[in-house]
Amino acid sequence: MAYTKTITTERLILRKPQPSDEADFFAMHADPEVMRYFSEPPWQDASIAARKLAEDIAAFESEEFFRFAVTLKATGEYMGSCSLFSEHRQNRRAEIGYALARPHWGKGYMQEALSALLEYAFIERDLNRLEADIDPLNTASASALERQGFSKEGFLPERWIVGGHVSDTALYGLLRRTWEARRKGAA
Ligand SMILES: CC(C)(COP(=O)(O)OP(=O)(O)OC[C@H]1O[C@@H](n2cnc3c(N)ncnc32)[C@H](O)[C@@H]1OP(=O)(O)O)[C@@H](O)C(=O)NCCC(=O)NCCS
């Protein structure tokens with residue numbers, strides 16, 4: 001049966017992507033500011049959005065990877081996505097990724113979405129370790145990770161070449177036991 005996990009938080013609903021997300025999904029990935037530190041250039045061709053959405057929906061339903069749509073509970077507006085991917089069952093680890101359309105930055109939405117994603121990853125998917133590969137210049141992304149308790153574990157120079165531009169990786173990690181200890185401390 002197709003997997004259709006939905007997560008509700010105080011202000012958000014995280015849900016399976018759907019075809020009607022296409023215009024917002026494209027607009028976010030066509031924005032050079034959003035894509036500044038991505039491992040691919042801004043999208044120029046709207047057909048990419050339809051293709052990627054179809055892949056994301058199929059992958060979600062088969063539990064291969066999860067690009068949750070981050071939507072506003074009050075209105076249903078699509079604001080961005082947060083993802084759990086490269087899940088490795090034997091080693092119980094996976095990577096996370098995330099993006100918000102620019103009008104939604106600075107409101108704590110990703111903080112709220114990532115808290116829920118981490119709970120899903122560690123409790124429901126029983127993972128032991130999460131990783132994030134970010135550009136060290138992406139300070140907003142580093143803050144988002146640090147707020148969740150991730151620590152910077154490594155620096156991998158010249159790991160990406162996007163549109164001829166060479167960039168580095170800062171590798172962040174979070175262990176389940178670190179996450180649990182922080183949660184107990186916050187309770
Ligand atoms: C990374 C990204 C999602 C972070 O977005 P963000 O809005 O800064 O992140 P958060 O949701 O955690 O919001 C935190 C900010 O909201 C503020 N805020 C406002 N209201 C808030 C609330 N109710 N609760 C919590 N924080 C709130 C915080 O003070 C913080 O601001 P600061 O960073 O200036 O201190 C965003 O910059 C983005 O989409 N970038 C482009 C895509 C990208 O680079 N993704 C990562 C690739 S690895």
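Worth knowing before you read on, the calculation uses all heavy atoms, side chains too, and leaves out hydrogens, waters and symmetry mates. Counting starts at 1 for both ligands and their atoms, in listed order.
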Mutual orientation of the aromatic rings belonging to H29 and F25 [parallel < 30°, tilted 30-60°, perpendicular > 60°]: perpendicular
Shell of residues surrounding ligand 1, defined by a 4.0 angstrom heavy-atom cut-off that is strict: R11, V34, F38, Y98, A99, L100, W105, G106, K107, G108, Y109, M110, Q111, I134, N138, A140, S141, R147
Identified side chain to side chain contact (heavy atoms under 4.5 Å, CB included) counterpart of D56 within the set S83, S81, P17: P17
Identified side-chain hydrogen bond (donor to acceptor under 3.5 Å, both in side chains) counterpart of E180 within the set R176, K184, R183, R182: R176
Ring centre gap for W43 and F38 strictly below 6.0 Å: no
Test item: E112 side-chain N/O and R11 main-chain N/O as donor-acceptor pair under 3.5 Å: yes
Residues which pass salt bridge (Lys or Arg N to Asp or Glu O under 4.0 Å) with D45, listed by chain and number, not counting sequence neighbours: none
